[in-house]
There are 2 protein chains.
Amino acid sequence: MEAAAQETRILDAAEELFYGRGLQAVGMAEIRDVSGASLKRLYQLFPSKDHLVEAYLRRRDLRWRASLAAYVEARSPGEERILAVFDWLREWFAEPGFRGCAFVNSFGELGATSDAVAEAARDHVDALKDYLASLVAEAGHSARLARSLLLLVEGAISTAAVCADAGAADDARETARGLLELDFARTGGAG
Amino acid sequence: MEAAAQETRILDAAEELFYGRGLQAVGMAEIRDVSGASLKRLYQLFPSKDHLVEAYLRRRDLRWRASLAAYVEARSPGEERILAVFDWLREWFAEPGFRGCAFVNSFGELGATSDAVAEAARDHVDALKDYLASLVAEAGHSARLARSLLLLVEGAISTAAVCADAGAADDARETARGLLELDFARTGGAG
DNA sequence: CGAACGAGAGAACGGACGTTCTCCCGAGTC
DNA sequence: GACTCGGGAGAACGTCCGTTCTCTCGTTCG
């Protein structure tokens with residue numbers, strides 16, 4: 001099999017296993033089994049487990065944000081798109097195997113030990129913050145609102161995971177609606 | 001040394017190490033070294049690492065909430081106490097060694113594998129939710145507000161940790177102030 | 001045809017770690 | 001003083017895991 005396809009299968013296996021059970025709980029042998037690649041190939045494409053972990057995080061960040069953006073951008077511009085973020089969260093939370101934010105989880109597990117993991121996690125949150133800021137700007141709201149939304153999104157993800165309660169997305173959505181109203185009043189309805 | 005004092009020292013060492021570096025990154029030998037207890041004593045008091053991890057989480061939950069409550073209850077009842085939660089968070093975030101929510105971190109690392117860890121994390125979040133609900137009720141606000149506050153608190157903790165930015169506490173506090181205002185308007189200022 | 005190459009399967013190596021075992025010592029008891 | 005008991009220090013054991021090595025086999029190219 002060609003290398004590119006194998007890399008994809010390896011990353012698919014890594015994502016499923018790392019996200020589902022944690023970074024240290026999954027061994028290279030299991031990734032070999034699930035991906036179908038040989039151990040030799042695995043180490044050719046990713047010279048160490050650390051490299052594979054980082055590649056997993058980087059790809060997941062890209063895909064996660066792309067999925068969110070695709071969902072959001074199907075709505076018409078403005079406040080609807082901001083609220084769509086929470087609709088997307090709700091669908092995600094209801095998926096079987098949802099286990100919180102891969103980046104927060106990885107940061108908690110290895111952030112103290114691995115700079116690469118800590119950076120990947122921070123980059124993800126920064127990128128999410130920027131994306132929320134772009135939606136907020138599009139809707140004509142204040143930049144401050146984006147920071148509030150980030151807290152709501154991250155808070156909803158964590159509590160939904162720990163409490164196994166997808167309703168956190170609804171709470172976050174309602175709260176965001178309130179914040180939009182409030183910010184609308186503050187900025188005088190310029191958006 | 002008497003057993004009770006040794007148990008405390010072991011739990012102190014476990015908390016420092018587990019919280020600072022993660023559950024799986026810390027071995028029993030290191031907890032022995034830091035606590036000063038012998039391995040034999042360690043296993044007498046905690047029959048396995050799993051038991052020690054759970055004891056660490058349970059004690060941390062109690063202490064964490066007691067510290068928050070002590071800080072909050074130094075303020076006069078009402079909205080001030082709600083905002084005090086975020087002042088407390090800000091101080092916590094600024095402490096050296098702050099590394100996010102011990103329960104979210106532990107859940108991410110071992111929640112998929114260990115029911116005890118998953119339950120301890122959920123119990124912690126549930127207790128926090130109840131505490132926030134009590135503050136909200138005391139201030140005469142709607143129960144819905146408590147759910148919003150929980151998201152803000154958890155979101156602030158996660159983003160402050162990952163982004164190494166204590167400013168998340170300020171964002172959360174400002175957002176909470178807005179929500180109080182909004183909820184005040186909604187409930188007609190009954191509180 | 002034969003030699004070199006690349007790939008897969010899995011054994012092997014080295015280290016880490018949870019847990020148990022051994023050995024030794026000091027205190028208390030008769 | 002001998003005997004027992006408990007406790008400390010650390011070796012030992014078994015397992016797991018990241019990584020590398022070996023062996024084999026099919027393919028390609030001269």
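Every chain is numbered from 1 and lettered A, B, ... according to where its sequence line falls, protein lines coming before strand lines.
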Go nucleotide by nucleotide along DNA chain D from the 5' end; which of Met28(A) and Leu39(B) gets its closest nucleotide reached first? Leu39(B)
More 5' along DNA chain D: Lys40(A) or Gly27(A), using each one's nearest nucleotide? Gly27(A)
Checking all strands, does Lys49(A) fall into the base, sugar-phosphate, or nothing category for heavy-atom contacts under 4.0 angstrom? sugar-phosphate
d([atom1], [X]; [atom2], [N]) in whole Å:
{"X": "Arg32(B)", "N": "dG18(C)", "atom1": "CZ", "atom2": "P", "result": "11 Å"}
{"X": "Leu17(A)", "N": "dG18(D)", "atom1": "CG", "atom2": "P", "result": "12 Å"}
{"X": "Phe18(A)", "N": "dG18(D)", "atom1": "CZ", "atom2": "C1'", "result": "11 Å"}
{"X": "Gln24(A)", "N": "dG18(C)", "atom1": "CD", "atom2": "C1'", "result": "15 Å"}
{"X": "Leu42(B)", "N": "dT20(C)", "atom1": "CG", "atom2": "P", "result": "12 Å"}
{"X": "His51(B)", "N": "dT19(C)", "atom1": "NE2", "atom2": "C1'", "result": "14 Å"}
{"X": "Asp33(A)", "N": "dG8(C)", "atom1": "CG", "atom2": "C1'", "result": "13 Å"}
{"X": "Tyr43(A)", "N": "dT20(D)", "atom1": "OH", "atom2": "C1'", "result": "9 Å"}

Knowing that exactly one of Trp64(B), Tyr131(B), Phe93(B) qualifies, which makes a ring-ring contact (aromatic ring centres under 6.0 Å, His included) with Trp88(B)? Trp64(B)
Can the positive tip of Arg60(A) be found less than 6.0 Å from the middle of the six-membered ring of Tyr19(A), inside 45° of the ring normal? yes
Side-chain N or O of Gln6(B) closer than 4.0 Å to phosphate OP1/OP2 of dG8(D): yes
Pick the closest DNA chain C nucleotide for Ser48(B) and for Gln44(A) by heavy atoms, then say which residue is nearer the 5' end. Gln44(A)
Can you label the angle between the Phe18(B) ring and the Tyr56(B) ring as parallel, tilted or perpendicular, going by 30° and 60°? tilted
Quiz question: by atom type and distance under 3.5 Å, do the side chains of Gln44(B) and Arg41(B) form a donor-acceptor pair? yes
